[in-house]
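Note that ligands are numbered from 1 as they come in the structure, with each ligand's atoms numbered from 1 the same way.
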Amino acid sequence: MIPGTSNSKKPEPADWRRLWRDAVTDPLELLDLLGLTDLAADLADAGLAAFPLRVPRGYVAKMRRGDRHDPLLRQVLPLNAEDRPVPGFNLDAVGDAAAKAGDGVLHKYQGRALLIATGSCAIHCRYCFRRHFPYADETAAKDHWRPALSYLRDRTDIDEVLLSGGDPLSLSNAKLASLYEALAELPSIRRIRIHTRLPIVLPERIDSGLLQLFRNSPKTQVMVIHANHAQELDAPVGQALSDLRQAGVQLLNQSVLLRGVNDRLESLSELSERLIELGVLPYYLHLLDRVAGTAHFEVDATEAAALERGLRNSLPGYLVPKFVREIAGEPAKTPAFQP
Ligand SMILES: *Cc1c(COP(=O)(O)O)cnc(C)c1O
Ligand code: SF4
């Protein structure tokens, strides 16, 4: 059904760890690669020091040269707008500090708990709501998952484990395998859900060892990928997603509504249409969390509501993501607009 899914004699993809290390981390190099060195004067200062640039070369290759408004570039370019404090944009906008249940576990919602599997990401997204979170000391992997697993063992009302971060697929297959083995022994856990941006920004990460891990797991596998624009969804990404589906992983997508990236009706429609071609259902479209340094990405609620109406009136219902926002202390993601 999907072109190019033949598994036979497929060469192993390039080693993802090497590609990870080879990411662009110097903003001037990024601008040079794109023929945009005149933007050097617009770069962030404090914002860049607090949250450095990081972008895999394969992702840079998907950007249009010479286009300062490229929707992929916008997601990673540290602009000096980040350095300007804006009232209402704070450090812990989503209440993570309050929801910590134990080392590396966030338990906010009924029936599901989130493990901060790691603090690292292959890409640094400038709009990220966790850009200020002190991950280094908060990952569930640091103590070989022990406190996190014992929390899950005690709380038999939790039937879904979310692996998040950071990006959980930044862990090695061996580390993930040890976690999966431990989870396999917890009968109350029915589903493992991975939230990751790696299939989009470093599709080489979906290697045969990882696929084997998913194939062998007795739990239901869900993966929420994170694409914001159809231009991110090229052939290597399509192949990685097809491999995941063949390994029995149910694929969903979440996006963030971002000024200058996907704030037009055509961009959001095209994203949904591309996703379903690749076997991925749109799940959430998050309104921006009001985190310090991200104000220039905000799309106001009136405009967001118009976009949502536009999508509902032009696409099949299953291609319209739920527009939500995260409000600290609420029992679930909150619908962005009341009907
Ligand atoms: C977003 C989130 C979830 C998942 O919510 P769903 O509505 O099930 O996708 C779970 N736990 C935490 C802490 C979250 O922030
Ligand atoms: S957590 Fe996700 S959104 Fe944030 S920087 Fe990492 S990959 Fe980007």
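Screening residues 312-324 for salt bridge (charged side-chain N to carboxylate O under 4.0 Å, His left out), with sequence neighbours left out, gives Glu308-Arg312.
The closest donor-acceptor contact from the side chain of Arg264 to the backbone of Asn262 lies at 3.5 Å or more, if one exists at all. Side-chain atoms of Ser255 come within 3.5 Å of backbone N or O of Ala227 as a donor-acceptor pair.
Atoms of ligand 2 found under 4.0 Å from any heavy atom of Cys128 (numbered from 1 in listed order, with element): 1 (S), 3 (S), 4 (Fe), 5 (S). Numbered from 1 in the order shown, with element, the atoms of ligand 1 that lie under 4.0 Å from a heavy atom of Tyr284 read 6 (P), 7 (O), 9 (O). Distances below 4.0 Å separate heavy atoms of Arg197 from the following atoms of ligand 2: 7 (S). Close approach to Tyr283 involves these atoms of ligand 1, each under 4.0 Å from a residue heavy atom: 6 (P), 7 (O), 8 (O), 9 (O). Close contacts between ligand 1 and Leu162 involve ligand atoms 3 (C), 4 (C), 10 (C) [criterion: under 4.0 Å to a heavy atom].
Contacts between His286 and ligand 1, counted as non-hydrogen atom pairs separated by less than 4.0 Å, are absent for every part of the residue. Neither the backbone nor the side chain of Val224 comes within contact range of ligand 1; no heavy atom lies under 4.0 Å. Of the heavy atoms in Glu326, only side-chain atoms (C-beta onward) come closer than 4.0 Å to ligand 1.
Within the structure, ligand 2 lacks Asp167 among the residues with a heavy atom less than 4.0 angstrom away. At least one heavy atom of Arg193 sits under 4.0 Å from some atom of ligand 1.
Note: no N/O pair closer than 3.5 Å links Tyr109 and ligand 1 by distance alone.
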What side-chain donor-acceptor pairs closer than 3.5 Å can you find for residues 18-36, not counting sequence neighbours?
residue, atom, partner, partner atom, Å
Asp22, OD2, Arg57, NE, 3.3
Asp26, OD1, Leu28, N, 2.8
Glu29, OE2, Arg57, NH1, 3.0
Glu29, OE2, Arg57, NH2, 3.1

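Taking 4.0 Å as the cut-off between side-chain N and carboxylate O, Arg205 and Asp207 count as a salt-bridged pair. Using a cut-off of 4.0 Å between Lys/Arg side-chain N and Asp/Glu carboxylate O, Glu303 and Arg259 are scored as salt-bridged.
Residue side and main chain included, Cys121 places an N/O/S atom under 2.8 Å of atom 6 (Fe) of ligand 2.
Side-chain contact of Lys333 with Tyr109: a donor-acceptor pair under 3.5 Å is present, judged by distance alone.
In this structure, Arg64 places its CZ atom where more than 12 heavy-atom neighbours from other residues, nucleotides or ligands lie under 6.0 Å away.
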